[in-house]
Amino acid sequence: MAEAGEGPELQQLLVSSNIVTEAQIAEAVALQTGHRYFDMNGVEINQDVLGLVPGALCRRYQLIPLSRMRNKVVVGMLDPTDIIAIDDITSITDLSVEAVVVAGDALRQAFERYLRSDEELSDLSEQIGESAGETSGVTFTEVLEDQDADAPVVRFVNLLITQAINDRASDIHVEPGERQLTVRFRIDGVLHEMQKADRSIQDGVISRLKIMSSIDIAERRKPQDGRLSVEHEGRAIDLRVATLPTVWGEKIVMRILDNSGQAMALSDLRFSSINEQRFREAISRPHGMILATGPTGSGKSTTLYTALKTVANPRINVITVEDPVEYRMAGINQVQVNNRAGLTFASALRSILRSDPDVVLVGEIRDKETAVISIEAALTGHLVLSTLHTNDAPSALTRLTEIGTEPFLVATALSAVIAQRLARRLCLRCRAAYTEPTEVLRSLGFPHDPHDVPQLYRAVGCVSCSGTGYRGRIGLHEVMTMTDELEQLLVMRSTGTEMRQMAIQQGMVSLREDGWSKVAQGLTTIEEVLRVSL
């Protein structure tokens, strides 16, 4: 380590490689600079102490006040030699400062717990409203392009995105209304209202987001798509932006795509042992089609990207065609659909098959033409991965025939279908054990021994999980492999119910059953499994 505060890239690399922990780095900084190391685990910070230093200043200098003793304030810092930060705190508090070194992950948790941006966002929305009242709407929008980083609307948008990332949100919804602009975050699959602001700031905020996303700010009558990247705590995070005209103005939805948080190992997907074995066998085949099914936001893309990461190596040619390209992956050729230019899924697939691919990922099968080309590719020596919108795995078979593909081709090409849902994962810090009455378990179809009632867990809520009782999500899976019996039923055009019964007879574990096994492991709750599965 050179100087304190230098080499953040090296520190990040060491931590991400599990060579050292952030606490060990902080201890090394303390030893080198002669300051005290302070362990923040389990420490409660008094609100009066927190109020000594504004939250914006804490974030700017990466520090937090920990305690006060008479005329001295103890401040936890990543870089205790930052004289400018110490001088600013001294002038604001009129107290002497004792700088101690804290770990980066502990400081981030303290920010998430104590320094939420809600109050600052409210103050900024008032400033933006005052600015909007002083100028006409057109001029205000035009001025946005020339505003600096300290302008209220710029700070409001930046803080909004930062807060969403800190809250582990997957989507940010900016929704105009008759009198108010509402901001909602989707956290662990559930929308939470985070901010309400006066409608006067609507044009400024939406125009700022469109400028950042390279979207035409003058076009307000039709939906548009864009993309932006932000730097957050040393890592680049992409946001996919979509606008939608509504009666009260343009609604904007931003999907947060955090490459560093993406599961890239099969073990991260938390398959059951039988499901993982079936999935590995399917992706290990040199050819055939594998489909991931489920509603929007059920983790289909993550599953397919994980499969790509598992099979990809320098000896094979992997090409994807997506709309949009959500995650950029090194060593893989990714094609973005462009309907205006005539680059559809079907036309892109034809070109891809002339580019000598070994593995092809089709973002989604939406029509007969794409389905037929994908199936033909699977029949001619290619491994094809794609997604389909169906409620369960067997329904994929009837769905493919309904859109016009021949049943015998589907039966021959298809290797496996994975249906999945995402249930909220219990917060391990606050979950509470309990036992459910046998009658209730029996009525739900929960597998159990009546003489040995299993210990289950319920959601409680704490600071770590923002009072929800859940933190993160876990996948429920249903993996169906094609067999001779299923092929015969498909060619005979049997019903989806008949094919589902046959798949279960041959060992397929249903989504609900997979959910029950994860409830028994203490990973989620009965309520969550009932919410996301049938």
Side-chain angles (χ1 to χ4, degrees), residues 41-42 44 105-106 108-110 112-113 116 164-171 184-194 256 258 260-263 265-276 294-295 297-300 302-303 306 419-438 440-449 452-478 509-534:
N41 287 328
E44 295 286 335
D105 52 357
R108 289 191 293 272
Q109 288 179 8
E112 187 175 337
R113 178 176 179 180
R116 290 189 56 82
I165 296 170
N166 287 336
D167 285 350
R168 302 171 293 101
S170 60
D171 301 86
R184 296 193 290 171
F185 294 169
R186 186 177 293 280
I187 303 172
D188 296 334
V190 179
L191 279 170
H192 300 268
E193 188 176 294
M194 307 305 293
I256 299 173
D258 185 357
S260 63
Q262 186 187 6
L266 283 183
S267 57
D268 296 327
L269 298 180
R270 299 305 294 264
F271 279 114
S272 65
S273 57
I274 182 65
N275 282 342
E276 182 172 343
S298 60
K300 300 186 299 295
T302 299
T303 297
T306 304
Q420 66 181 67
R421 299 289 188 277
L422 291 177
R424 289 184 291 176
R425 184 195 294 261
L426 275 168
C427 174
L428 297 179
R429 292 191 178 185
C430 65
R431 65 178 185 174
Y434 78 106
T435 54
E436 197 75 69
T438 303
V440 174
L441 296 178
R442 188 184 302 116
S443 67
L444 293 172
F446 190 98
H448 67 287
D449 181 354
D452 184 18
V453 181
Q455 177 177 276
L456 306 179
Y457 292 88
R458 62 162 57 96
V460 177
C462 66
V463 173
S464 178
C465 59
S466 302
T468 63
Y470 300 95
R471 187 175 177 87
R473 289 190 287 179
I474 188 167
L476 312 184
H477 304 95
E478 182 176 88
V509 178
S510 70
L511 284 167
R512 178 68 63 86
E513 289 172 348
D514 192 48
W516 291 149
S517 71
K518 281 158 186 171
V519 170
Q521 295 171 47
L523 299 173
T524 188
T525 61
I526 287 177
E527 292 76 15
E528 274 300 290
V529 173
L530 293 174
R531 182 178 70 86
V532 301
S533 67
L534 293 173

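Nothing here was measured: the structure is a model prediction, and the numbers come from that model.
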For a side-chain contact (heavy atoms from CB on, under 4.5 Å) check, start with the C-alpha distance between M194 and D167, then their side-chain angles and the critical distance, and finish with the verdict.
CA-CA 11 Å; M194 307 305 293; D167 285 350; 3.6 Å; yes
Run the ring pair (Phe, Tyr, Trp, His ring centres under 6.0 Å) test on F185 and H192 for me, step by step, so that the C-alpha distance in whole Å, both residues' side-chain angles and the decisive distance to 0.1 Å come before the verdict.
CA-CA 5 Å; F185 294 169; H192 300 268; 9.2 Å; no
CA sep, side-chain torsions, deciding dist, call: D268, T306, side-chain contact (heavy atoms from CB on, under 4.5 Å):
CA-CA 9 Å; D268 296 327; T306 304; over 6 Å; no
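Annotation: side chain of T438 is in contact with side chain of V453 (closest heavy-atom distance under 4.5 Å). F271 is not listed as a side-chain neighbour of D514, based on a closest heavy-atom distance of 4.5 Å or more. A 4.5 Å side-chain heavy-atom check between Q521 and S517 finds at least one atom pair inside the cut-off.
Side chain to side chain, Y470 and T525 meet the donor-acceptor criterion of an N or O pair below 3.5 Å. For S533 and R512, the side-chain atoms include at least one donor-acceptor pair closer than 3.5 Å. A donor-acceptor pair shorter than 3.5 Å can be found between the side chains of T303 and Q420.
Going from atom OG of S272 over to atom CD of E276 covers 8.5 Å, rounded to the nearest 0.5 Å. In this structure, CG in L428 is found 9.5 Å from OH in Y457, a value given to the nearest 0.5 Å. For the atom pair CZ (R473) and CD1 (I187), the distance works out to 11.0 Å, reported to the nearest 0.5 Å. Atom-to-atom distance recorded for E436:CD and F446:CZ is 9.0 Å, nearest 0.5 angstrom. Separation of atoms CZ (R186) and CD1 (I256) is listed at 12.0 Å; rounding is to 0.5 Å. The NE2 atom of H477 lies 13.5 Å from the OG atom of S510; values are rounded to the nearest 0.5 Å.
When all heavy atoms are compared, the tightest approach of L441 to P454 is CD1-CD, 4.0 Å. For the residue pair S298 and P295, the shortest heavy atom distance occurs at OG-O, 2.7 Å. Between L422 and G475, the closest heavy-atom pair is CD2-CA, 3.9 Å. Closest approach of T524 to I474, counting heavy atoms only: CB-CG2, 4.5 Å. Among all heavy-atom pairs drawn from L476 and G515, the shortest one is CD2-CA, 3.7 Å. Closest approach of R270 to L523, counting heavy atoms only: NH2-CD1, 3.6 Å.
Other residues, nucleotides and ligands contribute more than 12 heavy atoms inside 6.0 Å of the CZ atom of R108.
Between the side chain of K300 and the main chain of G294, a donor-acceptor pair closer than 3.5 Å is present.
Between R168 and D188 a salt bridge is recorded (basic side-chain N to carboxylate O distance below 4.0 Å). Ion pair R424/E528 flagged as a salt bridge, since at least one NZ, NE, NH1 or NH2 atom sits closer than 4.0 Å to an Asp/Glu carboxylate oxygen.
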